[in-house]
Amino acid sequence: MDVDRIVALVTAAGIELTDRRRNAKDDGWSLSFANGATVELGDDGSARAAGKGARTVARLLDMPTAPRST
Amino acid sequence: MKRSYGLALFSSTLALCVAASSAAFAAGPGDPPADIAKIETVVVIFAENRAFDNLYGHFPGAEGIDQASKESLQQRDRDGSVLPELPPVWDGLTAKGVTPPVTQAMTEHLPNEPFTVNDAKGFNVPLSVATHDLWHRFYQNQMQINGGRNDMFVAWADSGAMPMSNWDASKTEMWAVAQKYVLADHFFMGGFGGSFFNHQWLICACAPYYPNADRSPAKPSISVTDESGTALKIADNSPKSARDGIPKFVSDGNLTPDFYAVNTMQPPYQPSGNNPAPGGDPRMADPANPTTLPPQTEPTIGDMLSLKHITWAWYSGAWQYTLDHGNHEPIPNFQYHHQPFNYYANYAPGTEARREHLRDAGLGGVSFIQAIDDGALPQVSFYKPQGNLNEHSGYSDIQAGDRHIADVIAHLEKSPQWPHMLVVVTYDENGGIWDHVAPPKGDRWGPATRIPAIIVSPFAKRGYVDHTRYDTTSILRFITERFELPVLHGIVVRDKAVAAHGEPPLGDLTGGLDLN
């Protein structure tokens, strides 16, 4: 799944994209959404959702969430 | 780029507002009616994301789709040519999980014209189903309006044909309310774009600001515009045609190049989408998070009301629930960026102003409705329904919000305060959905696309369609005139800009009232 695909699927559900940038290591994308969820997407295709609203975003993307403590 | 903040700015701006007050009214659409004081209680209900034509395009007596010219019904491609057909709704018309779905394939080859989602001979999707959300962003909205031609809504959308969708809403409960009272058919969004920005316009008539953004974590969120300054710079790899995919931009951020926040950022205080800083004050959002907006200090309508000792409150559905239990979806699906006062230092956690004015409406608005029934509303109330009741595409449907708001209206009509009440039901913005009427030419920030507005009051004209031109700031105009408040600076600027374009002045809602 690429970054544009993730953004399209989440925003179609009424959850706005609020930030999109290359991560600090420049090996992937860091996305933020209006419900408080963040998605870290590696250039290798790995993806992880965290933050408030992560469960909803993970459900939309059919992916696991990060542990709640993160 | 420099801009000073704090009490000094507030004081000086307030002084300017006071000084501008009489001049602004003298230049306005006329003095307020002498009997405006008959209105003692004002209630503003702010729903989500519907253009006028989307719900009321076939309302009798209104300027609807049937009055639209052929040119205004046709959408153009990104090169300016007329599209031979609409592109499909990318990823399908219905929200994820809806069964049976309306898939992308089922939306192929739609004619280049508006279509009705709940048409029994078409998609036949009922009003109780959530549909695909659409971009509703500051620059895209201006690109879609295209100087008033409204012919680029599809071209600059992320949802294919979806902007051309509308509903037969003639069986909704709020349609009946509009028939009973006043439907304003020339009411426009205060600002271009989305919810965050238009909630700010409802309370402040201003654009929020991020000082020194180019030296902050938000720097990558500074947009890159073309030479016009009103459109995003298109990326080299952007699909050339709307039929080939969603457009791409060089930088489609939350901030303008001069650091005004025009797309969604999170409140600096909880409840916020952003967690507190590790080890920091749990009542705050992490200021180092790039989407946390610094506390704002522009004067708001709340400040003006407090200045004149007028009682007021912002009632938010599921506010306390979210603070106590966190947010849950699909119910209540609290929306952090729909709480505009939670961005302002004057209403920071711990302040008396916050305790007094930012009130919990309860789950499903139950506490707000109790205040209505008890006759305990302040002189001015704003009511924001919780997420699943706000009619926003993607996560909410029209029917649930329609029934909820109609229920609130029914309680208001029975309230002890009803005999001297004005209620305005409107939407924050168009949700990226097409409307055929050109917005008035104004200032840098708006007005934008036409939205529905219903004026409800014992003083409302009955069964009336009000053609007066209004925008979101018209609500502030009414409140300002009724309670003799200093005029917010943004309203003065808006009035001057509209006049400079030779446009008729924007009204103050009294066009829908019979106060004599």
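If you're wondering where the values come from, they're calculated on a predicted model, not measured in any experiment. Note on naming: letters A, B, ... go to the chains in the order of the sequence lines (proteins, then strands), and numbering restarts at 1 for each one.
Within 6.0 Å of the CG atom in B:D236, the count of heavy atoms belonging to other residues, nucleotides or ligands does not exceed 12.
Contacts of B:P278 with chain A are absent, with no heavy-atom separation under 4.5 Å from either backbone or side chain. Interface remark: B:H337 contributes side-chain atoms only to the contact with chain A (heavy atom separation under 4.5 Å). The parts of B:Y395 that come within reach of chain A are both its backbone and its side chain, each placing non-hydrogen atoms under 4.5 angstrom from that chain. Looking at B:S393, only its backbone comes within 4.5 Å of chain A, counting heavy atoms on both sides. Looking at B:N327, neither its backbone nor its side chain comes within 4.5 Å of chain A, counting heavy atoms on both sides.
For the atom pair CG (B:D158) and CG (A:D4), the distance works out to 11.0 Å, reported to the nearest 0.5 Å. Residue A:L60 holds its CG atom at 6.0 Å from NZ of B:K96, rounded to the nearest 0.5 Å. Considering CH2 of B:W135 and CD of A:E16, their distance stands at 12.0 Å, rounded to 0.5 Å. For the atom pair CG of B:N333 and OG1 of A:T56, the computed distance is 7.0 Å after rounding to the nearest 0.5 Å. Here B:E329 contributes atom CD and A:K52 contributes atom NZ; the two are 12.0 Å apart, rounded to the nearest 0.5 Å. For the atom pair OG1 of A:T18 and CG of B:N274, the computed distance is 7.5 Å after rounding to the nearest 0.5 Å.
In terms of non-hydrogen atom pairs under 4.5 Å with chain A, the most contact-rich of B:S396, B:S272, B:G431, B:G326 is B:S272. Comparing A:A34, A:G36, A:A12 by heavy-atom pairs within less than 4.5 Å of chain B, the highest count is held by A:A12.
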Start with the C-alpha gap between B:D252 and A:R20, add the side-chain angles, then the distance that decides, and say whether salt bridge (Lys or Arg N to Asp or Glu O under 4.0 Å) holds. CA-CA 9 Å; B:D252 175 16; A:R20 166 184 172 146; over 6 Å; no
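Annotation: side chain of B:Q266 is not in contact with side chain of A:S32 (no heavy-atom distance under 4.5 Å). In this structure, the side chains of B:M265 and A:D19 stay at 4.5 Å or more apart for every pair of heavy atoms. With a 4.5 Å cut-off on side-chain heavy atoms, B:D133 and A:T11 do not count as touching.
In plain terms, the two heavy atoms of B:P220 and A:R21 that are nearest each other are CG-NH1, 3.4 Å.
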